[in-house]
2 protein chains.
Amino acid sequence: MTQPTREKILDAVFTLVYIKGYNGTSMSMILEACNIPKGSLYHCFASKKAMVLAVLKERIAPRMDQFYDLEHHCNDHEIDTLIAAVLKVADKQELLQYGCPLNRLNQEMSPVDTDFSHEINIIYEKLKYKIIHLLSNSNLQKDVNIDSLSEYIIATVWGALSLSPQQSSKARYLQTVSHLISYLNTIKSDIDHSV
Amino acid sequence: MTQPTREKILDAVFTLVYIKGYNGTSMSMILEACNIPKGSLYHCFASKKAMVLAVLKERIAPRMDQFYDLEHHCNDHEIDTLIAAVLKVADKQELLQYGCPLNRLNQEMSPVDTDFSHEINIIYEKLKYKIIHLLSNSNLQKDVNIDSLSEYIIATVWGALSLSPQQSSKARYLQTVSHLISYLNTIKSDIDHSV
DNA sequence: TAATAATTAGACCGGTTGGTCTAATTATTA
DNA sequence: TAATAATTAGACCAACCGGTCTAATTATTA
């Protein structure tokens with residue numbers, strides 16, 4: 001059985017908007033990519049905006065979950081779980097090339113449309129609190145601010161992925177985040193009970 | 001004497017493209033913001049693209065210089081000069097709200113237009129080597145990779161500025177980069193000859 | 001099989017896009 | 001002041017934008 005129309009549209013729109021941006025993607029481009037008539041598209045979605053908001057909820061949000069949903073092995077320090085997640089990003093070619101899809105849409109749409117900024121914020125907060133949750137169960141040095149550390153990790157990965165894509169490569173990403181990893185190792189409690 | 005037409009256009013285009021993006025900014029918006037007729041605009045610039053490339057060279061590039069052109073006081077460690085530059089970013093409201101203009105244009109245009117990615121890369125490299133130059137004159141721990149450290153600093157600041165603008169504030173930025181600053185202090189050579 | 005609902009098909013719409021072009025006006029130089 | 005160049009002014013253009021609408025077709029249910 002072939003993919004339902006709605007799902008096919010969401011996939012195509014995700015890819016187009018990811019690479020070309022919201023304003024850089026036209027309905028005709030979407031129609032061509034999906035190879036469906038206009039009637040079918042507007043039967044599924046009321047407008048272009050509704051369509052991309054659905055992409056946020058049904059394509060981008062799950063991706064954000066996926067990348068920070070590492071299971072914790074009980075012999076590791078929680079920080080090592082986080083480091084593994086950061087390193088895993090390097091295996092996704094499209095992330096290295098185009099950056100984080102949430103961050104991209106955030107930068108383009110948040111300043112000009114509150115419906116977008118609201119939806120993006122929900123996804124961002126969920127990601128942030130997942131990291132906070134992991135950190136709060138871990139042995140860290142006393143004076144570490146877990147909330148800002150969580151944001152710092154996200155900011156660093158987003159930033160590392162957005163450096164001039166002309167030179168984007170796995171090696172460069174890993175070199176850049178090696179400093180984050182050094183810092184995270186610094187932050188572990190000296191008395192590590194988990195080993 | 002009033003501002004020359006060309007400069008007036010570049011200022012208006014910078015602001016519009018900074019906030020709305022390239023594809024979110026139309027010629028009619030620019031015309032209205034400048035309050036000049038179309039003939040004058042196309043007399044100065046051959047096309048919208050040429051106009052925004054000029055904005056990159058004549059508005060964005062100087063801004064990037066400005067923000068990392070801190071003079072080094074000889075009683076400081078070079079790392080402290082860098083930290084001061086990172087902190088100074090917090091005083092520019094528009095940076096906190098909309099992020100780095102170079103990074104924004106980079107994310108929107110680099111994947112779809114090599115003329116943009118080329119120009120952006122030149123500005124990025126200049127910034128990077130300015131930081132490398134500062135770092136190479138400083139007393140750091142032996143095993144520090146200066147090249148990737150330079151990119152890490154840029155990535156972190158860019159990332160910290162791009163976190164969900166719904167909540168952007170000076171306090172949040174400072175909290176986020178406090179981790180970068182901790183890390184940078186870590187990296188100073190234990191034997192600091194500059195004090 | 002008949003009736004009904006869901007989907008497909010694409011012509012069509014007013015508005016806007018980036019861009020051109022000619023004519024009038026202003027500034028500069030001879 | 002006359003001649004020439006630079007600039008201003010905005011009507012106009014084809015192409016494209018996001019979106020609507022009616023009719024035909026296909027799936028589903030009775």
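Throughout, a chain's letter reflects where its sequence line sits, starting with A, and its residues are numbered from 1. Basis for what follows: all heavy atoms, side chains included, without hydrogens, waters or symmetry-related copies. As the structure is a computational prediction, the values presented were derived from the model and not from experiment.
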**Report entry** d(CG, A:N35; P, C:dT7) in whole Å
**Finding:** 19 Å
Report task. Provide, to the nearest angstrom, the distance between the NZ atom belonging to A:K48 and the C1' atom belonging to D:dC17. Result -> 9 Å
Requested in this report: Output, in order, the C-alpha distance, side-chain angles, deciding distance and verdict of salt bridge (charged side-chain N to carboxylate O under 4.0 Å, His left out) for B:K188 and B:E78.
Outcome: CA-CA 9 Å; B:K188 289 178 187 171; B:E78 280 80 2; over 6 Å; no
Query - Whole angstrom value for the distance that separates P of C:dA11 from OH of A:Y42 - result: 17 Å
**Report entry** For D:dT29, the Watson-Crick or wobble counterpart (both distances under 3.5 Å)
**Finding:** C:dA2
Query raised in the report: Across all strands, who's sitting opposite D:dA9 as a Watson-Crick or G-U wobble pair, both distances under 3.5 Å?
Result: C:dT22
**Report entry** Gap between atoms CE and P, on B:M27 and C:dT20 respectively (whole Å)
**Finding:** 10 Å
Query raised in the report: Is there a path from A:I122 to A:I132 through hydrophobic residues (I, L, V, M, F, W, Y) whose side chains come within less than 4.5 Å of each other?
Result: no
Report task. Search all heavy atoms of A:P101 against all heavy atoms of A:L95 and return the closest pair with its distance. Result -> CD-CD2, 3.9 Å
Query raised in the report: Which one, C:dT8, D:dT8, C:dG18, comes nearest to the side chain of A:S40?
Result: C:dT8
Requested in this report: Taking only the side-chain heavy atoms of B:S26 (C-beta and beyond), determine which of C:dT17, D:dG18, D:dG10 contains the nearest atom.
Outcome: C:dT17
**Report entry** Length of the line joining B:I36:CD1 and C:dT25:P, which is rounded to integer Å
**Finding:** 20 Å
Report task. Rounded off to whole Å, could you give me the NE2-to-P distance for the A:H43 and D:dC21 pair? Result -> 16 Å
Query raised in the report: Are any of A:T5's side-chain N or O atoms less than 4.0 Å away from OP1 or OP2 of C:dT8?
Result: yes
Query raised in the report: Does A:S28 place a side-chain N or O at less than 4.0 Å from the phosphate oxygens OP1/OP2 of D:dC17?
Result: yes
**Report entry** Atom pair distance, as rounded to whole Å: CZ in B:R6 and C1' in D:dT7
**Finding:** 15 Å
Report task. Kindly point out which of C:dG19, D:dC17, D:dG10 is positioned nearest to the side chain of B:P37? Result -> D:dG10
Report summary line: From NZ of B:K38 across to C1' of D:dG10 the rounded distance in Å is 9 Å
Report task. Tell me which of A:G39 and A:N23 sits closer to the 5' end of DNA chain D, going by the nucleotide each one is nearest to. Result -> A:N23
Query raised in the report: Can you tell me the Watson-Crick or wobble partner of D:dC17, both distances under 3.5 angstrom?
Result: C:dG14
Report task. Identify the heavy atoms of A:V112 and B:I19 that sit nearest to each other, and give their distance. Result -> CG1-O, 4.1 Å
Query raised in the report: For atom NZ of A:K20, is the number of surrounding heavy atoms from other residues, nucleotides or ligands below 6.0 Å larger than 12?
Result: no
